[in-house]
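One structure below.
Predicted model, so just to flag it, every value in this text is computed and none were measured. For the single chain, residues carry numbers from 1 onward in sequence order. Note that these values count all heavy atoms, side chains included, but never hydrogens, waters or copies made by symmetry.
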Amino acid sequence: MRATVRHVADGTYLVHGTHTNWVILTEGDAVTLIDTGYPGDRAGLLASLAEVGSSPGAVTAVLITHAHNDHLGSAEYLSAAYGTPVYTHEAEVPHARRDFLHQVSVGQVLRNGWRPGVLPWAAHALRSGGTADVAVTAPQPFPGAGPLDLPGRPVPVHTPGHTAGHCAFHLPGRGVVVSGDALVNGHPTSRTEGPQMLTDMFHHERATAVASLDVLGGLDGDLLLPGHGPLYEGSVRDAARLARERAH
């Protein structure tokens, strides 16, 4: 599966895989990778690293916004093959190990199958490894509150609700917020364009996810790199406010 790489800021690349995004942060020869797409996105993931002049061996760390299969897909592969550390919020560590799974169920998908786009999305997710075993053997909590001593100096920002340990990443020096699934800019199951929350079936605790929009709205930035959908160019504060209005 192919991936499209977009250079959005100094040393910052938003990569569109198949229905999901990841982010590459470069600093000299070193790289921080935020999320890894579906298991089926692996060829695209490796190609995207090559396209920015890097390689899997140059990835200093993998940061995971949250441990759903479409974001965790190749984290264990990189860890096992290259010794790359995998970091996520402390509340998300057991989720990444698959001590439990907070992910949309087959039953929830079937109950929402009448909604436009849901069944085609589900078929694609299955083909891409949406139900594969992608457990990370040794995920670790972030090594500090941030900015992390990694390429891009990302600052983890806890934005729970989608999952208990969901985190966004703020790059204040680059005017960038990597929002994961706390705030997206489109999704195959949505007919709404622009900043929005994912549909309710995807959230572990919807009310908490709505409250996390206020956390995102407090971050300075004019580039929003979402887990799904295109780049949003404009005030992150305005994007979060619009998503909250649409949520109600």
Side-chain angles (χ1 to χ4, degrees), residues 1-3 15-23 33-48 56 59 62-81 84 86-89 91-113 117-140 159-169 178-184 186-190 197-205 209 225-229:
M1 296 181 181
R2 297 189 62 184
V15 187
H16 301 288
T18 53
H19 291 185
T20 192
N21 302 332
W22 56 89
V23 174
L33 182 62
I34 302 179
D35 288 343
T36 65
Y38 279 106
D41 283 316
R42 185 167 302 158
L45 177 72
L46 299 178
S48 69
V59 178
V62 175
L63 305 181
I64 298 298
T65 59
H66 64 293
H68 285 161
N69 275 34
D70 55 334
H71 298 261
L72 194 65
S74 286
E76 176 63 13
Y77 163 76
L78 292 169
S79 178
T84 313
V86 178
Y87 296 116
T88 192
H89 189 273
E92 201 72 3
V93 166
H95 193 196
R97 281 197 307 255
R98 288 298 183 259
D99 295 356
F100 56 83
L101 180 61
H102 288 160
Q103 188 163 283
V104 64
S105 67
V106 173
Q108 287 172 304
V109 171
L110 292 176
R111 286 194 296 274
N112 284 272
V118 168
L119 293 182
W121 165 82
H124 171 83
L126 287 172
R127 289 194 303 270
S128 302
T131 58
D133 180 6
V134 295
V136 178
T137 302
Q140 302 174 56
T159 46
H162 184 64
T163 65
H166 187 288
C167 264
F169 297 94
V178 181
S179 59
D181 283 5
L183 173 58
V184 301
H187 191 268
T189 62
S190 173
M197 292 180 66
L198 290 170
T199 191
D200 290 357
M201 69 176 177
F202 291 115
H203 298 301
H204 178 57
E205 294 180 345
L225 281 54
H228 301 276

For the residue pair [X] and [Y], what are the closest heavy atoms and their distance?
{"X": "Val184", "Y": "Pro226", "answer": "CA-CB, 3.8 Å"}
{"X": "Pro56", "Y": "Leu78", "answer": "CB-CD2, 3.9 Å"}
{"X": "Ala132", "Y": "Pro39", "answer": "CB-CG, 4.3 Å"}
{"X": "Ala168", "Y": "Ser179", "answer": "CB-CA, 4.0 Å"}
{"X": "His187", "Y": "Leu198", "answer": "CD2-CD2, 3.5 Å"}
{"X": "Gly130", "Y": "Tyr38", "answer": "CA-CE2, 4.0 Å"}

(request) Output, in order, the C-alpha distance, side-chain angles, deciding distance and verdict of side-chain contact (heavy atoms from CB on, under 4.5 Å) for Thr189 and Phe202. (result) CA-CA 11 Å; Thr189 62; Phe202 291 115; 3.7 Å; yes
Under 3.5 Å side-chain donor-acceptor pair for [X] and [Y]:
{"X": "His166", "Y": "Thr159", "result": "yes"}
{"X": "Thr36", "Y": "Asp41", "result": "no"}
{"X": "Asp181", "Y": "His68", "result": "no"}

Please round to the nearest 0.5 Å and tell me the distance separating atom [atom1] of [X] and atom [atom2] of [Y].
{"X": "Gln103", "Y": "Met201", "atom1": "CD", "atom2": "CE", "answer": "11.5 Å"}
{"X": "Leu45", "Y": "Tyr77", "atom1": "CG", "atom2": "OH", "answer": "9.0 Å"}
{"X": "Leu225", "Y": "Ile34", "atom1": "CG", "atom2": "CD1", "answer": "8.0 Å"}
{"X": "Ser128", "Y": "Leu126", "atom1": "OG", "atom2": "CG", "answer": "9.0 Å"}

Got a donor-acceptor contact below 3.5 angstrom from the [X] side chain to the [Y] backbone?
{"X": "Asp35", "Y": "Asn21", "answer": "no"}
{"X": "Glu76", "Y": "Asp133", "answer": "no"}
{"X": "Glu92", "Y": "Thr163", "answer": "no"}

(request) Tell me, with the steps shown, if His95 and Thr88 meet side-chain contact (heavy atoms from CB on, under 4.5 Å). (result) CA-CA 10 Å; His95 193 196; Thr88 192; over 6 Å; no
(request) Assign the ring pair His124 / His19 to parallel, tilted or perpendicular, where the plane angle (0 to 90°) is split at 30° and 60°. (result) tilted
(request) Could you go through the side-chain contact (heavy atoms from CB on, under 4.5 Å) check for His228 and Thr20 one step at a time? (result) CA-CA 5 Å; His228 301 276; Thr20 192; 3.6 Å; yes
(request) For residues Val136 and Leu72, determine if any side-chain heavy atom of one lies less than 4.5 Å from a side-chain heavy atom of the other. (result)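 Heavy-atom side-chain distance check passes, below 4.5 Å.
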(message) Please evaluate residues His71 and His66 with respect to the criterion ring pair (Phe, Tyr, Trp, His ring centres under 6.0 Å), reporting the C-alpha separation (whole Å), side-chain torsions for both, the decisive distance (0.1 Å), and the verdict.
(response) CA-CA 7 Å; His71 298 261; His66 64 293; 4.2 Å; yes
